[in-house]
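Notes follow the structure.
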Amino acid sequence: MLIQIPPSSACRESEVTPESIYLSRRQLLGAAGTLAAVAALPGQAQDASAYPDVEPAPAPAWFSEKLASTRWQAVTPGNESITPFQDATHYNNFYEFGTNKGDPARYAEKMQVEPWTVRVDGEVAKPGTYSIEDLVGPHGLEERIYRLRCVEAWSMVIPWLGFPLAELLKRVEPTSKAKYVSFETRLAPEEMAGVRSGFSLIDWPYVEGLRLDEAMHPLTILAVGLYGRVLPNQNGAPLRLVVPWKYGFKGIKSIVRISLVSEQPPTTWQSIAPEEYGFFSNVNPEVDHPRWSQAHERRLPSGLFSPNIVPTRMFNGYDEVASLYTGLDLRKYY
């Protein structure tokens, strides 16, 4: 059983979601209170090298200086086994580097992650462009061991290191007009073979989005590490989004821009194939992909002669987010 985190408490707002479901300033303060409660949960200290077969990597000072105060195992998956490091870092979707699962690990090392800046703008009182050091600096790191469910019907269990996205949003002070959060990935064709490919259907850069209340939920984090070490490039270094109740493509990698906006933002896969990839993209075993079932998943590692097939759970098992979608038809707004 997952250690539960207390819950906080597309479509155009005129079409689906009433104004009351969005976070007002009062609800933002409520979410902040929930985060404070989460921060008070006891953590179990452990060494950063606790995971076997982790490939060592030099870590920047802004990361290594935080490890001593990291809250290890702040969220755990109960009796579920953690995916081996090799699988989690060598079986990836990061189309900027190619479409094969091994391409990101093979080619992403070419991406320059130092120096790195993130622009935060839109409907905020304090917009700005932050170095990764300044962005992460005020926040303590937590280890969140989350299930990751890909829309392609495979899954992993990954120990992320990061901090709640809500903490960053509080710093920049969203205005009353902010209803959504938009994210953008780095675009560097000279470093990204997939971007240079003439066969790509993607209109680069890769973009994603969340509703503001989803972004403010305590389970939503910005990750900077995994398995006790800094993020590998192929996993979205140096900063990526993790939203464990949504399909994996919502977890945008190598973020360079975060914008708070009043209207639902475009997202890459919804723009390419809206009949297959919705804006919300919550894990839902009752809504199949047009080309395959979503009722079960292949939990990695899994082999041809020893398949590890497990049933998929609604919201990937994170039932505490269900209240975010009260009154929303999740078959229509998938």
Side-chain angles (χ1 to χ4, degrees), residues 10-19 21-22 92-96 98-99 101 122 148-155 178-187 192 194-195 197-215 217 220 236 240-297 312 314-316 318 321-322 324-334:
C11 42
R12 310 283 185 193
E13 61 184 275
S14 61
E15 295 174 333
V16 178
T17 310
E19 183 71 21
I21 202 170
Y22 293 118
N92 308 104
N93 288 325
F94 200 165
Y95 290 125
E96 284 84 345
T99 56
K101 294 294 188 286
L148 183 151
R149 171 57 154 85
C150 181
V151 73
E152 298 167 347
W154 54 266
S155 63
K179 300 294 187 292
Y180 296 87
V181 186
S182 176
F183 305 86
E184 181 179 312
T185 291
R186 173 178 169 83
L187 180 61
M192 299 171 167
V195 173
S197 171
F199 298 100
S200 175
L201 298 177
I202 295 176
D203 183 15
W204 307 104
Y206 190 94
V207 292
E208 256 304 335
L210 298 173
R211 216 170 55 187
L212 182 57
D213 55 352
E214 296 176 315
H217 194 278
T220 304
R240 66 165 291 164
L241 181 69
V242 179
V243 191
W245 70 92
K246 294 182 177 289
Y247 290 119
F249 67 86
K250 297 292 289 185
I252 187 170
K253 304 176 181 73
S254 303
I255 297 169
V256 295
R257 187 177 182 182
I258 300 173
S259 303
L260 282 88
V261 296
S262 60
E263 301 289 338
Q264 180 179 306
T267 62
T268 291
W269 284 109
Q270 187 184 31
S271 298
I272 294 172
E275 71 284 358
E276 297 186 5
Y277 308 103
F279 176 81
F280 287 99
S281 290
N282 295 318
V283 176
N284 189 342
E286 298 180 1
V287 177
D288 290 337
H289 188 279
R291 291 180 278 128
W292 57 80
S293 169
Q294 295 288 22
H296 295 83
E297 63 204 61
T312 292
M314 185 68 196
F315 299 121
N316 207 18
Y318 298 96
V321 304
L324 295 174
Y325 309 103
T326 301
L328 192 66
D329 184 347
L330 295 180
R331 287 187 173 273
K332 182 178 181 181
Y333 299 102
Y334 51 89

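The shown structure was predicted, so the numbers you read here are calculated from the model rather than taken from an experiment.
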Between [X] and [Y], is any pair of side-chain heavy atoms under 4.5 Å apart?
X    : Y    : answer
T268 : D203 : no
W204 : M192 : no
W154 : L148 : yes
M314 : L330 : yes
V321 : N282 : no
K101 : N92  : no
V283 : Y247 : yes
N93  : C150 : yes

Determine, for E96 against K253, whether the closest basic-nitrogen to carboxylate-oxygen distance falls under 4.0 angstrom.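 No salt bridge links E96 with K253.
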So, taking the atom named [atom1] in [X] and the one named [atom2] in [Y], what distance separates them when rounded to the nearest 0.5 Å?
X    : Y    : atom1 : atom2 : result
E152 : E297 : CD    : CD    : 13.0 Å
K246 : N316 : NZ    : CG    : 12.0 Å
S271 : F279 : OG    : CZ    : 11.0 Å
R149 : Y318 : CZ    : OH    : 13.0 Å
I202 : I272 : CD1   : CD1   : 4.5 Å
F280 : L210 : CZ    : CG    : 10.0 Å

With [X], which residues qualify under ring pair (Phe, Tyr, Trp, His ring centres under 6.0 Å), at least two apart?
X    : value
F94  : F97
Y277 : F249, W269, H289
H296 : none

Heavy-atom donor-acceptor pair, S182 side chain to V207 backbone, under 3.5 Å: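 The answer is no, because no donor-acceptor pair under 3.5 Å joins these two groups.
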Is a side-chain N or O of R331 found less than 3.5 angstrom from the main chain of V287, in a donor-acceptor match? no
For R186, enumerate each residue passing the side-chain hydrogen bond (donor to acceptor under 3.5 Å, both in side chains) test, keeping only those at least two apart in sequence or located in another chain. E191
Contacts of K250 that satisfy side-chain hydrogen bond (donor to acceptor under 3.5 Å, both in side chains) - sequence neighbours left out: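 For K250 the side-chain hydrogen bond (donor to acceptor under 3.5 Å, both in side chains) partners, ignoring immediate neighbours, are E208.
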Output, in order, the C-alpha distance, side-chain angles, deciding distance and verdict of side chain to side chain contact (heavy atoms under 4.5 Å, CB included) for Y334 and K332. CA-CA 6 Å; Y334 51 89; K332 182 178 181 181; over 6 Å; no
Any pair counted as salt bridge (charged side-chain N to carboxylate O under 4.0 Å, His left out), so long as it reaches residues 274-293, sequence neighbours left out: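 Residue pairs with at least one partner in residues 274-293: E276-R291.
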Dump the intermediate steps for side chain to side chain contact (heavy atoms under 4.5 Å, CB included) on W245 and T220, then the final yes or no. CA-CA 9 Å; W245 70 92; T220 304; 3.2 Å; yes
